[in-house]
2 protein chains.
Amino acid sequence: MTTFNLWDTKARPAIVHDPSQEPISPQDLPWQNQIILGDCLTVMAQLPANCIDLIVTSPPYADARKHTYGGVDPDEYVEWFRPRAEQMHRILKPTGSFVLNIKEKAVGGERHTYVLDLIASLKKEVGFLWVEEYIWHKTTSMPGKWKYRFRDAWERLLHFSKSKEFKMNQSAVMVPIMDWTEKRLTNMSRNDLSRQPSGTNPKTGRRISAWLGRDKVYPSNVLHKPPICHNTGHSAAFPEWLPEFFIKLFTDEGDTVLDPFSGSGTTFRTARTLGRVGVGIEIRSEHVQR
Amino acid sequence: MTTFNLWDTKARPAIVHDPSQEPISPQDLPWQNQIILGDCLTVMAQLPANCIDLIVTSPPYADARKHTYGGVDPDEYVEWFRPRAEQMHRILKPTGSFVLNIKEKAVGGERHTYVLDLIASLKKEVGFLWVEEYIWHKTTSMPGKWKYRFRDAWERLLHFSKSKEFKMNQSAVMVPIMDWTEKRLTNMSRNDLSRQPSGTNPKTGRRISAWLGRDKVYPSNVLHKPPICHNTGHSAAFPEWLPEFFIKLFTDEGDTVLDPFSGSGTTFRTARTLGRVGVGIEIRSEHVQR
DNA sequence: GTTCCGCATGAATCGATAG
DNA sequence: ACTATCGATTCATGCGGAA
């Protein structure tokens with residue numbers, strides 16, 4: 001196993017296989033705890049079946065990064081994605097989950113339907129179960145003003161599974177109930193804080209003490225977090241909390257987490273930090289090279 | 001025009017037409033500022049083309065239980081909705097908008113795809129443009145704990161239009177910044193601060209006026225509001241802020257607002273209060289009768 | 001006139017049970 | 001086997017009654 005400083009973005013794991021070179025057999029590919037250089041379609045095809053517990057990924061959005069995958073046209077996105085999804089389905093364990101972070105693109109003033117078509121394809125053609133749609137509410141997204149739409153402040157986090165009985169550790173993602181960014185001030189802001197912002201209000205005190213009795217609460221399917229990420233050098237990087245949330249939720253320690261569109265490797269590093277086996281695949285060598 | 005106390009839920013406008021009776025011609029139907037008894041399919045068929053500026057509605061969600069409470073089976077939902085959507089498209093002005101509040105249902109451990117299928121149908125078969133998807137993040141959702149999912153805390157607010165050039169008054173829905181919360185809760189975004197008290201409470205109304213004069217910002221496409229409504233007697237009623245937001249955003253004073261699934265008439269009353277012409281259609285006579 | 005406290009109730013989901 | 005119905009679970013909120 002290659003060792004390296006997980007949080008030093010300069011020190012990346014070595015390239016273990018370049019698909020442009022001679023193919024190697026799966027048993028020869030030391031794919032665990034590695035970020036592998038190559039198109040995830042061909043790399044995943046070399047992995048054994050039922051070896052991955054969780055896939056968390058944010059694929060290139062349609063037409064978003066033209067210089068990498070040749071700029072996938074929105075109308076061709078589903079066809080482009082499907083063979084990769086078939087590999088994901090094959091290598092995922094029956095108890096595994098697949099979390100897909102994706103967003104529509106506005107084309108000609110309209111929201112394109114390729115994401116909806118993708119959900120239908122993953123369900124009907126690939127065989128995934130569409131379990132849930134989490135909403136990532138980006139609290140500090142980029143400002144902007146357009147004539148026919150407001151600031152886009154959310155993205156889809158689509159949860160698919162291979163079977164109805166998948167692994168889910170809900171207690172692992174319970175949040176402190178005093179986290180006011182999670183539990184907003186719906187009522188308190190109106191009734192309590194605005195009257196006596198000092199916090200000595202007996203009603204506020206009562207509420208806080210009631211909260212202290214139950215220190216943690218289950219989240220909902222709306223994840224309310226800022227889009228900040230640890231390494232700011234790359235554009236489309238995950239914020240760390242995102243893979244962390246789903247890794248804790250859908251895997252145990254020692255399980256294997258894959259990001260087929262690894263990018264700057266946030267999912268990979270988060271998995272390693274959390275004691276999971278990390279696997280990354282990235283086609284752009286500048287993200288993989290040491 | 002029938003006159004009545006808009007906020008007295010007991011005093012409803014008279015039934016102007018019972019579709020079970022002899023049909024009447026459109027010019028004989030005094031449909032403006034009325035809540036009309038009947039199936040919106042047949043009632044809308046009697047309205048002239050291009051007469052509505054905005055449709056804001058929350059149709060009955062799909063119900064897995066067949067034929068109870070008139071529930072529509074999820075597998076039949078798109079077929080049930082499409083002829084009604086065709087009428088909506090016909091009577092909507094070219095500059096008009098159609099806002100659809102709807103939510104999925106979990107069936108057999110999966111999210112049912114009827115809403116996604118509906119979007120595709122509205123776009124490809126009916127001819128609507130799918131402009132935007134607003135997220136209604138409900139601050140309070142139904143309780144419950146399940147093995148494979150968290151509580152569902154959001155609903156879709158789908159914005160369709162008839163043409164690319166639709167009416168949109170963004171400045172009409174700007175929200176004030178409350179700097180006292182910004183100081184206290186640095187993590188909260190501006191969008192979270194957009195929560196406005198319902199306005200029915202005179203105390204909070206005064207507080208809104210205190211905010212006036214401060215800086216205002218445009219909202220995002222995530223609306224973070226509680227699901228409560230003014231008249232608690234009826235179930236499944238819109239909260240008032242919802243039609244208010246879209247009526248201000250997509251119409252001017254004097255424009256015509258339709259809710260084909262009027263229910264307790266929240267959209268209708270809000271439209272009248274805001275100086276718009278209101279039109280409601282409701283199939284359950286107990287909601288329409290005086 | 002206020003504040004405090006109790007309690008009914010929601011666009012729900014799942015698994016068990018009954019027909 | 002398959003479908004329809006029922007009960008347990010869960011908790012923020014608003015309202016009314018009482019202090």
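All values below were derived from every heavy atom in this structure, side-chain atoms included, with hydrogens, water molecules and symmetry-related copies excluded. Each chain gets a letter, A, B and so on, in the order the sequences are listed, and its residues count up from 1.
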Among the nucleotides [options], which one has an atom lying closest to any side-chain atom of [X]?
| X | options | value |
| --- | --- | --- |
| B:Ala106 | D:dT10, C:dT13, C:dG10 | C:dT13 |
| B:Trp146 | D:dT13, C:dG10, C:dA12 | C:dA12 |
| B:Tyr61 | D:dT10, C:dA11, C:dA12 | C:dA11 |
| B:Glu155 | C:dT13, D:dT10, C:dA11 | C:dA11 |

**Message:** Could you go through B:Arg272 and B:Asn33, starting from their C-alpha distance and side-chain angles, then the distance that decides it, and tell me whether this counts as side-chain hydrogen bond (donor to acceptor under 3.5 Å, both in side chains)?
**Reply:** CA-CA 8 Å; B:Arg272 300 291 294 122; B:Asn33 287 325; 3.1 Å; yes
**Asked** For residues B:Arg276 and B:Thr251, is any side-chain donor paired with an opposing acceptor at under 3.5 Å?
**Response**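 Indeed, the side chains of B:Arg276 and B:Thr251 share at least one donor-acceptor pair under 3.5 Å.
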Using atom [atom1] of [X] as one end and atom [atom2] of [N] as the other, report the distance to the nearest whole Å.
| X | N | atom1 | atom2 | value |
| --- | --- | --- | --- | --- |
| B:Lys138 | C:dT9 | NZ | C1' | 14 Å |
| B:Trp154 | C:dA12 | CH2 | C1' | 15 Å |
| B:Arg111 | C:dC14 | CZ | P | 11 Å |
| B:Lys105 | C:dA11 | NZ | P | 13 Å |
| B:Lys103 | C:dT13 | NZ | P | 6 Å |
| B:Lys225 | D:dA12 | NZ | C1' | 18 Å |
| A:Lys164 | C:dG15 | NZ | C1' | 12 Å |
| B:Phe238 | C:dA11 | CZ | P | 13 Å |

**Request:** For DNA chain D, list all stems, counting runs of three or more consecutive pairs where every pair is Watson-Crick or G-U wobble with both distances under 3.5 Å.
**Result:**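 Stems found: C:2-10 with D:11-19, C:12-19 with D:2-9.
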**Salt-bridge criterion met for B:Asp39 and B:Arg84 (N-O under 4.0 Å)** = yes
**Asked** Which sits closer to the 5' end of DNA chain C, B:Ser141 or B:Tyr148, going by the nucleotide each is nearest to?
**Response** B:Ser141
**Message:** At less than 4.0 Å, is any side-chain N or O atom of B:Arg149 found next to OP1 or OP2 of C:dC14? Yes or no.
**Reply:**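 Yes, B:Arg149 has a side-chain N/O under 4.0 Å of OP1/OP2 on C:dC14.
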**Prompt:** When you measure from the centre of the six-membered ring of B:Phe128, is the NZ or CZ of B:Lys162 under 6.0 Å away and within 45° of the axis?
**Reply:**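 Ring-cation test returns no.
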**Asked** Going by modelled atom types, is there a donor-acceptor pair between the base of C:dA11 and the side chain of B:Ser58 at under 3.5 Å?
**Response**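 Flag set: donor-acceptor pair detected.
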**Message:** Evaluate A:Ser97 against A:His159 for side-chain hydrogen bond (donor to acceptor under 3.5 Å, both in side chains), listing each step before the verdict.
**Reply:** CA-CA 7 Å; A:Ser97 284; A:His159 175 208; 2.9 Å; yes
**Prompt:** Minimum heavy-atom separation for B:Gly280 to B:Phe268, with atom names?
**Reply:** N-CD1, 3.9 Å
**Message:** I'd like to check the side-chain hydrogen bond (donor to acceptor under 3.5 Å, both in side chains) partners of A:Glu104; sequence neighbours left out, ordered by chain and number.
**Reply:** A:Arg111, A:Arg156
